[in-house]
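Because only heavy atoms are used, hydrogens play no part in the values below, and waters and symmetry mates are left out as well, while side chains stay in.
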Amino acid sequence: MVHILGVQLFESNVVKHALTHFYGISRHTASRICARLQIHDTCRVRQLSATQVTAIAAFLSSPSTSPVPPRAPLAPLTFRPPPPSTPLESLTGARAYLARLDAPPPPLPRAKTKGADPLRWLKIETDLKREMRENIAHQRMIGSYVGKRHAMGLPVRGQNTQTNARTARRLNRVDRHR
């Protein structure tokens, strides 16, 4: 069993399914994380190297400071690869590509921008739970309809309350009449 940031990942699980054990990571997000860290879709947790486990832990602990992977240009359909013995420096366009890899990374954007890296603003576990708690507390504080429904322990998103909220009303009676 592998422990990453206090979450147990079973060794027999596929990595992209094991990452969903983190609160706030869906299957789609787990697939994006595996692609970012270059982990194969069928790789199991027990097959991860120590550097890959460290990379996962480092990325999940602070995704906003992780470097964005470089994007390699796609080849056209008529492209024929050169023989393997050809040195990289002699290929056309290789110098510009190598210069981009050696250049410092671009500065991080200050605000959430559309089209930016979706994993940069990832929040998991306690950060996500704290943000949700703060949002609910804000709704209650401003006295919105959603906040009042949260305070009464009733469904918030327009669900039927004639039958499915009786238990919530019975159990939350003490909280509502303070």
Side-chain angles (χ1 to χ4, degrees), residues 1-76 79 81-82 84-141 150 156-157:
M1 209 176 293
V2 177
H3 296 274
I4 298 177
L5 302 177
V7 176
Q8 296 178 357
L9 303 180
F10 295 102
E11 292 186 351
S12 60
N13 285 3
V14 177
V15 176
K16 70 177 184 178
H17 295 290
L19 287 175
T20 60
H21 285 76
F22 286 94
Y23 183 83
I25 295 183
S26 64
R27 289 179 293 175
H28 182 69
T29 306
S31 295
R32 284 183 178 220
I33 292 171
C34 288
R36 161 75 61 89
L37 301 175
Q38 298 177 350
I39 297 172
H40 195 270
D41 287 342
T42 60
C43 181
R44 299 199 178 268
V45 174
R46 68 171 157 259
Q47 296 170 337
L48 291 174
S49 65
T51 56
Q52 287 175 320
V53 172
T54 305
I56 291 172
F59 179 79
L60 292 178
S61 63
S62 61
S64 62
T65 60
S66 67
V68 178
R71 291 187 171 231
L74 298 177
F79 177 75
S85 60
T86 308
L88 186 61
E89 289 79 18
S90 66
L91 298 175
T92 57
R95 286 195 178 108
Y97 179 70
L98 291 174
R100 273 190 284 138
L101 289 180
D102 292 337
L108 299 175
R110 293 289 176 209
K112 295 181 182 180
T113 58
K114 193 173 187 179
D117 183 22
L119 294 178
R120 182 171 298 275
W121 312 112
L122 178 69
K123 290 187 179 181
I124 58 169
E125 295 291 328
T126 54
D127 293 336
L128 180 59
K129 290 177 184 177
R130 183 182 331 108
E131 183 181 0
M132 290 173 56
R133 245 189 342 266
E134 288 171 357
N135 290 344
I136 292 171
H138 174 72
Q139 292 288 336
R140 291 176 71 174
M141 185 184 72
H150 271 294
V156 174
R157 299 180 180 167

Distance, nearest 0.5 Å, that separates OG of S12 from CE of M1: 9.0 Å
Side chain to side chain donor-acceptor pair (under 3.5 Å) partners of T51, counting only residues at least two apart: S49
Shortest non-hydrogen separation from L48 to C43 and the atoms involved: CD2-SG, 3.9 Å
Value rounded to 0.5 Å, distance of CD1 in I124 from NZ in K129: 10.5 Å
Salt bridge (charged side-chain N to carboxylate O under 4.0 Å, His left out): pairs with one or both residues in residues 41-50, sequence neighbours excluded: none
Pairs satisfying salt bridge (charged side-chain N to carboxylate O under 4.0 Å, His left out), at least one member in residues 9-23, at least two apart: none
Residue pair P63 / L119, side-chain heavy-atom distance below 4.5 Å: no
Stepwise side-chain contact (heavy atoms from CB on, under 4.5 Å) test for L60 and L19: CA-CA 10 Å; L60 292 178; L19 287 175; 4.3 Å; yes
Under 3.5 Å donor-acceptor, T29 side chain and I25 backbone: no
Distance (rounded to the nearest 0.5 Å) between Q52 CD and Q47 CD: 9.5 Å
Gap separating the CD atom of Q139 from the NE2 atom of H150, nearest 0.5 angstrom: 7.0 Å
Side chains of residues 32-40: which donor-acceptor pairs under 3.5 Å do they make with residues two or more places apart or in other chains?
residue	atom	partner	partner atom	Å
R32	NE	H28	NE2	3.1
R32	NH2	H28	NE2	3.4
R36	NH2	D117	OD1	2.8
R36	NH2	D117	OD2	2.3
H40	ND1	T42	N	3.1
H40	ND1	T42	OG1	2.9

S61 to L5 - nearest heavy-atom pair and separation: N-CD1, 3.9 Å
Residues in side chain to side chain contact (heavy atoms under 4.5 Å, CB included) contact with V7, at least two apart in sequence or another chain: L9, H21, F22, E125
Partners meeting side chain to side chain contact (heavy atoms under 4.5 Å, CB included) with T20 (sequence neighbours left out): R27, A30
